Colleague: 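Encoded as structure tokens, here's the structure I'll be asking about.
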Amino acid sequence: MKWETVIGLEVHTQLATRSKIFSGSSTAFGAAPNTQASAVDVALPGVLPVLNKKAVECAIRFGLAVDATLNRVNVFDRKNYFYPDLPKGYQISQLARPIVEGGTLKIVVEGEERTIHLTRAHMEEDAGKSLHEDFHGMTGIDLNRAGTPLLEIVSEPEMRSSAEAVAYARALHTLVTWIGICDGNMQEGSFRVDANVSVRPVGQAEFGTRREIKNLNSFKFLQQAIDFEVRWQIETLEDGGRIEQATVLFDPDTGETRMMRSKEDAHDYRYFPDPDLLPVKLDEDWIEAVRAGLPELPAAMQARFQADYGVSAYDAAVLTGSRALADFFEAAARACGQGKLAANWVMGELSAALNKAELDIAQSPVSAAQLGTLIARIQDGTLSGKLAKQVFEGLWEGAGEVDAIIEARGLKQMSDSGELEKIVDDVLAANPKSVEEFRSGKEKAFNALVGQVMKASRGKANPAQVNELLKARLQ
Amino acid sequence: MSLTPDDVKRIARLARIEIDDAQAQATQAQLNTIFDLIATMQAVDTASIAPMAHAQEVYQRLRDDVVTETDRHAAFQAVAPAVENGLYLVPKVIE
Amino acid sequence: MPDASLSALAAQLAAKQVSSRELARQYLDRIAALNPAINAFITVDAEKTLLEAAAADARIAAGQAGPLTGVPIAHKDIFCTDGWRTTCGSKMLHNFVAPYDAHVIQRFKAAGMPSLGKTNMDEFAMGSSNETSYFGAVKNPWNTACVPGGSSGGAAACVAARMAPAATGTDTGGSIRQPAALCGITGLKPTYGLVSRYGMIAFASSLDQAGPMAPSAEDCALLLNVMTGFDPNDSTSLEREKEDYARDLDQPLTGLRVGLPREFFAEGLNSEVAAAVEAAVTELKKLGATTVEISLANSKLAIPVYYVLAPAEASSNLSRFDGVRYGYRAPDYASLDDMYCKTRAQGFGAEVKRRILIGAYVLSHGYYDAYYLQAQKIRRLIADDFNQAFKACDVILGPTAPGTAFKLGEKSDDPVEMYLNDLYTIPANLAGLPGMSLPCGFDGKGLPIGLQLVGNYFSEAKMLNVAHQYQRATDWHMRLPPQGEASGVRREG
């Protein structure tokens with residue numbers, strides 16, 4: 001039997017606020033346990049929540065960026081369950097009337113563009129952390145993270161492979177960092193993915209029973225977890241078993257998913273509107289002000305890069321992988337006026353060097369302005385491509401500005417034709433055999449002569465000029 | 001409608017309140033007299049009525065994103081049943 | 001001294017006829033003498049009280065006194081009070097020393113009013129008789145075999161016995177007004193949102209409202225001036241201009257339209273209570289008021305609606321009491337889950353558990369629409385009835401409770417019988433309207449009878465005006481219970 005995979009993702013993005021969603025505690029990562037847990041965060045008797053405006057603004061930004069419906073009146077609900085990292089015994093979330101509904105996100109998988117529909121995005125508070133190191137057989141609870149603002153972004157079950165799921169998660173990651181609502185730091189838990197996975201026979205209309213893989217904090221784990229889960233579900237069904245709806249965890253060490261033991265009772269969260277929080281109203285003026293403050297979005301920028309700089313659709317997509325990368329490219333392209341060349345350098349030499357050094361574009365030792373100047377020197381004939389790579393190395397090492405490096409290392413392409421003519425003549429005189437071979441029809445011999453000239457010029461001759469001169473001499 | 005002892009045990013489980021069979025029986029009887037009282041509202045036709053969740057028809061006031069809280073964990077944990085190294089201790093959590 | 005009004009006490013303090021310390025000492029002595037029989041206080045800490053009184057004296061000496069600086073007050077044990085044990089009447093919090101002040105406490109501290117202690121209450125404010133307190137029942141000073149009402153029973157009893165000149169209370173379904181009625185004092189539940197709920201341990205968040213309890217309406221007006229005001233820490237706190245609730249006290253009642261809801265004078269009302277309330281209506285007419293019959297047709301559904309909504313909110317509000325961060329934790333347990341279940345089974349009393357179970361049930365899967373949503377819709381119908389009624393009248397008048405104080409234990413085995421006590425008070429909570437109770441007579445057993453006024457939103461000054469004019473014409477509020485040295489008629493202050 002042929003099986004089809006169905007995946008929907010729920011992504012928890014931590015919103016980039018200074019203070020928590022319902023209290024004035026800091027959201028900074030890494031503080032000593034419970035030092036950033038205020039009376040509200042530890043849920044002392046009598047305390048009350050007050051909503052952080054910036055969290056709402058982040059949600060509006062997201063809604064506008066994915067072209068979704070913003071519910072002008074949205075409501076916070078309580079989701080009731082007991083867990084030691086949930087101090088109130090309920091999580092404040094949005095169920096019936098979330099701030100964002102609908103919206104779309106474009107993804108590219110194997111060169112194919114697809115549009116994924118979003119179901120909704122809602123604001124909620126994060127829980128604290130359970131530390132399972134052994135405290136005499138007890139678990140330690142740190143509530144610093146409790147009350148951190150989250151936007152949970154829920155997709156429709158429209159992805160059909162782990163590759164699509166990863167592409168969607170990456171595109172979403174790019175977008176939320178792009179519009180500045182999330183720092184995107186997956187190690188610190190700022191972007192966590194739950195994957196709802198099911199399989200069904202190809203052609204069947206109904207979905208199969210899904211299992212939810214919780215808390216995946218890297219794209220690699222997302223891919224591995226889905227791949228394992230899909231194989232497991234297909235094997236189970238083909239062996240005549242049934243899939244039970246369940247919440248599972250992915251173990252990166254074994255590469256397997258396993259059922260969560262703590263979820264033994266069927267959850268009945270008893271959602272109801274939080275009586276401590278009034279409905280949230282989004283004024284048109286506020287929405288428009290947020291819209292005006294939005295940066296150019298990745299999709300718009302891709303189109304513009306193709307039109308303005310003549311780069312391919314694929315290159316445009318790569319170059320808008322992050323806002324920092326896109327900004328870098330554009331600054332370099334503007335500095336040299338050579339979009340395609342700039343694209344090649346950013347995606348080629350620069351990306352390779354950054355990858356090798358495990359650096360982010362923001363940490364690049366070579367600035368966009370420097371790269372632009374370098375490309376300009378290729379364009380004006382000062383540098384050959386080969387020489388330019390040497391200059392790039394100099395830039396990377398911090399040896400100074402482009403022209404200074406060219407000067408100091410003597411990398412200027414030979415422009416004096418008299419000097420080059422002399423080298424050509426010397427080479428022809430020194431290689432009569434090659435000259436003979438060329439004249440008897442061996443085209444290869446020509447290339448050998450070019451090589452000799454380049455060698456003699458220590459790489460500084462302009463290859464085009466060398467070709468021209470050699471051809472003229474040999475005719 | 002009336003609650004069964006199983007209903008009582010189910011909701012006691014949701015509410016994390018230990019209850020034995022005898023207590024569930026007694027509680028069931030009491031809750032049923034209360035639900036008989038509550039049942040009198042079921043006859044009202046409310047199809048066109050919007051639910052009222054708050055006493056005032058006002059919208060949520062929003063707070064500026066400013067850190068106002070300082071570290072008070074020592075004071076808060078002074079009243080905690082079990083703490084160590086700044087952490088609240090609970091019986092082992094199994095995920 | 002103990003039977004003086006707040007303004008009289010303030011005048012004596014201002015004239016340096018008495019110091020705040022002396023005043024506090026006198027009330028503390030009275031508490032020491034009377035409280036063993038009444039059990040109105042859960043926590044008394046003379047040292048703390050006298051320190052606060054000394055600070056008030058310093059303010060007075062420095063010429064920085066406010067209108068009530070130095071006048072002591074007792075606080076319901078539902079308000080978190082920094083450094084004071086704050087129990088909410090529960091074993092769950094029997095050892096909880098609050099690390100912060102409720103907004104209401106902050107305001108009384110800022111006003112320079114020393115705290116006389118924390119008053120007894122039904123556990124988590126769930127009760128109408130004060131019998132559900134973990135710290136024992138409160139006795140009615142008019143007859144110690146009777147209940148004081150609840151949940152602010154300790155507050156009402158301590159004011160009635162003049163162990164404190166005034167007290168704070170909270171009212172979710174009548175918890176200020178019903179005990180005020182049963183103890184013969186004046187109590188006011190303000191419009192929802194006027195007094196911050198921050199630091200007031202939540203019962204049902206959309207209904208809870210704190211208010212003053214004192215012998216007279218004038219006292220209540222002065223206390224309301226202290227208590228009300230915007231608080232950024234409570235999202236439901238209303239941003240309004242500060243007003244002086246005493247400003248209209250002396251206005252005549254000429255032309256006042258008093259609405260009499262026919263449903264409040266129907267079956268179920270004790271005839272002595274009915275007679276006293278009707279006599280009060282006659283009195284108000286003499287003062288220039290006219291009456292109009294109105295209908296609050298859906299108010300008969302207030303109890304079922306309330307016993308869905310309040311337990312639903314409470315079941316969630318009380319989830320934080322899990323033995324992890326503060327309060328009671330069961331001594332023996334086998335696992336985390338067992339710790340939760342035992343802690344909550346042992347830490348909560350029977351009535352609280354009953355309401356948590358009701359709340360969990362009405363919110364649970366498959367029942368939400370039939371119970372919770374239906375109750376919220378009828379809540380709107382009840383509020384709409386009031387909106388309609390206030391087109392025809394300025395204030396609504398009726399009994400506060402269907403009867404007078406009942407015997408301890410008389411209704412404690414029958415929750416439904418107990419719940420019916422709040423028949424007339426709950427509608428105002430559901431609508432968010434202000435309501436107050438004031439003494440209007442006594443029954444044949446010498447127990448006080450309460451008269452209820454319900455006003456339109458933000459009409460507290462008008463209600464206090466009506467009550468004050470009535471209290472100038474009558475002396476019910478000046479009668480003192482028979483025990484101890486407090487007997488006799490209250491001195492005009």
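This structure is a prediction, so every number in the text was calculated from the model and none was measured.
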Colleague: May I ask you to say whether Asp276(A) pairs ionically with Arg78(A), meaning some side-chain N is under 4.0 Å from a carboxylate O?
Modeller: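 Salt bridge: yes.
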Colleague: Which answer fits Pro279(A), side chain, backbone, both or neither, if we ask what part of it has an atom under 4.5 Å from a heavy atom of chain B?
Modeller: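 Backbone plus side chain of Pro279(A), per the 4.5 Å heavy-atom cut-off to chain B.
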Colleague: Could you check whether any side-chain N or O of Arg270(A) sits under 3.5 Å from a backbone N or O of Asp268(A), counting only pairs where one atom can act as donor and the other as acceptor?
Modeller: yes
Colleague: Does any heavy atom of chain B fall under 4.5 Å from the side chain of Ser23(A), the backbone, both, or neither of them?
Modeller: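 Backbone of Ser23(A) only, per the 4.5 Å heavy-atom cut-off to chain B.
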Colleague: So what's closer than 4.5 Å to chain B heavy atoms on Phe22(A): side chain, backbone, both or neither?
Modeller: backbone
Colleague: Counting N and O atoms only, with roles assigned by atom type, does the side chain of Glu125(A) sit under 3.5 Å from a partner on the main chain of Ile92(A), one being a donor and the other an acceptor?
Modeller: yes
Colleague: Which bit of Val75(A) comes within less than 4.5 Å of chain B, counting heavy atoms only: side chain, backbone, both or neither?
Modeller: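 Neither part.
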Colleague: Relative to the ring of Tyr83(A), is the ring of Tyr81(A) parallel (under 30°), tilted (30 to 60°) or perpendicular (over 60°)?
Modeller: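 The rings of Tyr81(A) and Tyr83(A) sit tilted, inter-plane angle from 30° to 60°.
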Colleague: Which atoms of Asp41(A) are under 4.5 Å from chain B, going by heavy atoms: the side chain, the backbone, both sets, or neither?
Modeller: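 No part of it gets close to chain B.
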Colleague: Is the shortest heavy-atom distance from the side chain of Glu152(A) to the side chain of Gln94(A) under 4.5 Å?
Modeller: no
Colleague: Under 4.5 Å from any heavy atom of chain B, what part of Ala32(A) do you find: side chain, backbone, both or neither?
Modeller: neither
Colleague: Here's a test for you: under side chain to side chain contact (heavy atoms under 4.5 Å, CB included), which of Leu151(A), Ile181(A), Val56(A) qualifies with Arg61(A)?
Modeller: Ile181(A)
Colleague: Can you check whether Arg258(A) reaches Asp251(A) side chain to side chain, under 4.5 Å on heavy atoms?
Modeller: no
Colleague: Among Asp71(B), Val90(B), Leu89(B), Leu62(B), which has the most heavy-atom pairs under 4.5 Å with chain A?
Modeller: Val90(B)
Colleague: Tell me, out of Gly128(A), Ala28(A), Pro84(A), Pro273(A), who's got the most heavy-atom pairs with chain B below 4.5 Å.
Modeller: Pro84(A)
Colleague: Counting only heavy atoms closer than 4.5 Å, note whether Leu143(A) contacts chain B via side chain, backbone, both or neither.
Modeller: side chain
Colleague: Below 4.5 Å, heavy atoms only, C-beta onward: do Val73(A) and Tyr59(B) meet side chain to side chain?
Modeller: yes
Colleague: Quick one: what part of Gln77(B) sits under 4.5 Å from any heavy atom of chain A, side chain, backbone, both or neither?
Modeller: side chain
Colleague: Has Lys92(B) got a side-chain atom pairing as donor or acceptor with His132(A)'s backbone, closer than 3.5 angstrom?
Modeller: yes
Colleague: Out of Ala31(A), Ser19(A), Ala55(A), Pro33(A), which one racks up the most heavy-atom pairs below 4.5 Å with chain B?
Modeller: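 Highest number of heavy-atom pairs under 4.5 Å: Ser19(A).
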Colleague: Could you look at Leu249(A) and say if it's the side chain, the backbone, both or neither that has a heavy atom under 4.5 Å from chain B?
Modeller: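 Contact with chain B is through the side chain of Leu249(A) alone.
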Colleague: Among Ala37(A), Gly89(A), Pro275(A), who wins on heavy-atom pairs under 4.5 Å with chain B?
Modeller: Pro275(A)
Colleague: Just checking, is any N or O donor in the side chain of Ser93(A) or Glu124(A) under 3.5 Å from an acceptor N or O on the other one?
Modeller: yes
Colleague: Which bit of Val42(A) is near chain B, if near means a heavy-atom gap under 4.5 Å: side chain, backbone, both or neither?
Modeller: side chain
Colleague: Please answer whether the main-chain N or O of Thr27(B) pairs with a side-chain N or O of Gln30(B) as donor and acceptor at a distance below 3.5 Å.
Modeller: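 Not confirmed, Gln30(B) side chain does not pair with Thr27(B) backbone.
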Colleague: Measure Ala55(B) against the heavy atoms of chain A and call it side chain, backbone, both or neither at under 4.5 Å.
Modeller: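 Neither part; nothing is under 4.5 Å.
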Colleague: Output the option from Leu277(A), Val40(A), Asp142(A) having the highest count of non-hydrogen pairs under 4.5 Å with chain B.
Modeller: Leu277(A)
Colleague: In terms of heavy-atom pairs under 4.5 Å, which option from Val58(B), Val83(B), Asp64(B), Val79(B) contacts chain A the most?
Modeller: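 Option with the top pair count is Val58(B).
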